[in-house]
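What follows is a set of notes on a single structure, which appears directly below.
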Amino acid sequence: MGNQIIGLHDWLATPPGAYLLDWERRQMAASVADVFGFHALQLGLPELDALAANRMPHRWLATETAHDNAVFLTEFSALPFPANSLDLVVLPHTLELTADPHAALREVYRVLVPEGRVVITGFNPMSLWGFRQYRAHLYKRLGWQHLFLPDTGEFLGYLRIRDWLRLLGFELDSGHFGCYRPALANPQWLERFAWMDSFGARWWPILGAVYAVVAVKRVRGMTLLNPTWKPALRLANAPVSVAGRAGKSSATGQ
């Protein structure tokens, strides 16, 4: 790329960004389609409708900065929901961009019901894309401004996320890697290497440019009963800015 890409949102409009979004849409659809309950929350990345395939009656998108598609604004380390109130939370690149990713993940554990699920996606530093980004940072010190991936946040590896989840009390359900094509900005060249997606998934699966992790909140000594009804969730009393969105459930239970 001729110019440095500053943020993830700008980068997603590029050919490799569109390629990554396509993989994440399909991965999110597979991960959330059969997750049942009443309340689902997506934190960040409004470019990706990660809950589109889910059928829960109440689905919200929250962001830390104003966006037209967001239902409300909140700090991800202080969510305006009571404990044990959400059935599903998705974090598409959220932990990479928030100021305190470990605190945000602890907050997700707090608001999830027992047996609730979290889905996390992030860039894999141990990949062709990660290697190019690392090399570009070395060149940047010499005055060359040609980063391939966004220059915001911190890329958190799959093993690090897995360890955080286990320490908090989550049980890993599945982990997947994707986007095995080389770090190329030209859409024609990117398409020429489409064959690497199938080969990479088979021969070097952990070296995909992006990963997706699904984990379940486990609470020891608790037996989960299936309730015949569940009241509508009301947001906890916390100062948030609310923006309406057509076709979405409103989160104005203040």
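One is the number of the first residue; the rest follow in order along the sequence.
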Consider only side-chain heavy atoms of I, L, V, M, F, W and Y, link residues closer than 4.5 Å, and tell whether F36 and V32 are in one cluster. no

In terms of heavy-atom contacts, T74 and F72 come closest through CG2-CE1, 3.7 Å

For the hydrophobic clusters of this structure (ILVMFWY residues joined by side-chain heavy atoms under 4.5 Å, transitively), does one cluster hold both W189 and W195? yes

Carefully, step by step, assess L20 and F123 under the rule side chain to side chain contact (heavy atoms under 4.5 Å, CB included). CA-CA 10 Å; L20 178 138; F123 286 108; 3.4 Å; yes

D87/R59 salt bridge by N-O under 4.0 Å criterion: no

Calculate, to the nearest 0.5 Å, the distance between atoms CE and CG belonging to M126 and L159 respectively. 9.0 Å

Once you round to the nearest 0.5 Å, how far does CZ of F155 lie from NE2 of H93? 9.0 Å

To the closest 0.5 Å, what do you measure between NE2 (H58) and CG (L51)? 13.5 Å

Hphob cluster co-occupancy, L167 + Y109, side-chain heavy atoms under 4.5 angstrom: no

Flag yes if L105 and V216 sit in one hydrophobic cluster, no otherwise; membership is Ile, Leu, Val, Met, Phe, Trp, Tyr, and two members link when side-chain heavy atoms are under 4.5 Å apart. no

Minimum side-chain heavy-atom gap Y19-D197 below 4.5 Å: yes

Which heavy atom of A40 sits nearest a heavy atom of M56, and at what distance? CB-SD, 3.7 Å

Flag the pair L156 / Y211 as yes when at least one side-chain heavy-atom distance between them is below 4.5 Å, and no otherwise. yes

Just by distance, do the side chain of Y180 and the backbone of P205 share a donor-acceptor pair under 3.5 Å? yes

Hey, does the side chain of Q42 reach the backbone of L48 with a donor-acceptor pair shorter than 3.5 angstrom? yes

Are the side chains of L165 and V118 in touch, meaning some heavy atoms are under 4.5 Å apart? yes

Give the C-alpha distance, both sets of side-chain angles, the deciding distance and a yes or no for side chain to side chain contact (heavy atoms under 4.5 Å, CB included) between K217 and F170. CA-CA 5 Å; K217 178 181 177 180; F170 285 99; 4.0 Å; yes

Between R181 and W129 the two heavy atoms that sit nearest each other are O-NE1, 2.8 Å

Specify the closest pair of heavy atoms between R110 and L79, including all atoms of both residues, with the distance to one decimal. NH2-O, 3.2 Å

V214 and V35: side chain to side chain contact (heavy atoms under 4.5 Å, CB included), yes or no, with the steps? CA-CA 11 Å; V214 181; V35 180; over 6 Å; no

When rounded to the nearest 0.5 angstrom, what distance separates CG in L91 from CG in L97? 11.0 Å

Might you confirm whether atom CH2 of W204 has over 12 heavy atoms from other residues, nucleotides or ligands at distances under 6.0 Å? yes

Between T98 (side chain only) and L95 (backbone N and O only), is there a donor and an acceptor less than 3.5 Å apart? no

Given side chain to side chain contact (heavy atoms under 4.5 Å, CB included), test N54 with V90 step by step and report yes or no. CA-CA 11 Å; N54 187 263; V90 295; over 6 Å; no

Beyond-backbone contact of V108 with L86, side-chain heavy atoms, under 4.5 angstrom: no

Taking atom CD as the centre, does E64 end up with more than 12 heavy-atom neighbours from other residues, nucleotides or ligands that are less than 6.0 angstrom away? yes

State, with a plain yes or no, whether a side-chain heavy atom of N84 is found less than 4.5 Å away from one of P114. yes

Would you give the length of the straight line joining atom CG of L45 to atom CG of L43, rounded to the nearest 0.5 angstrom? 11.0 Å

Taking all non-hydrogen atoms of both residues, which atom of L128 and which atom of P182 are closest, and how far apart? CD1-CA, 4.1 Å

State, yes or no, whether a side-chain contact exists between P46 and H9 at a heavy-atom distance under 4.5 Å. yes

Please round to the nearest 0.5 Å and tell me the distance separating atom CG of D100 and atom CD of E107. 11.0 Å

Does a side-chain heavy-atom distance below 4.5 Å link Q27 with V119? no

Work out which heavy atom in P15 is nearest to a heavy atom in A185; give both atom names and the distance. CG-O, 3.5 Å

4.5 Å side-chain heavy-atom contact, I206 and Y158: no

Would you call the rings of H39 and W60 parallel, tilted or perpendicular, taking 30° and 60° as the class edges? parallel

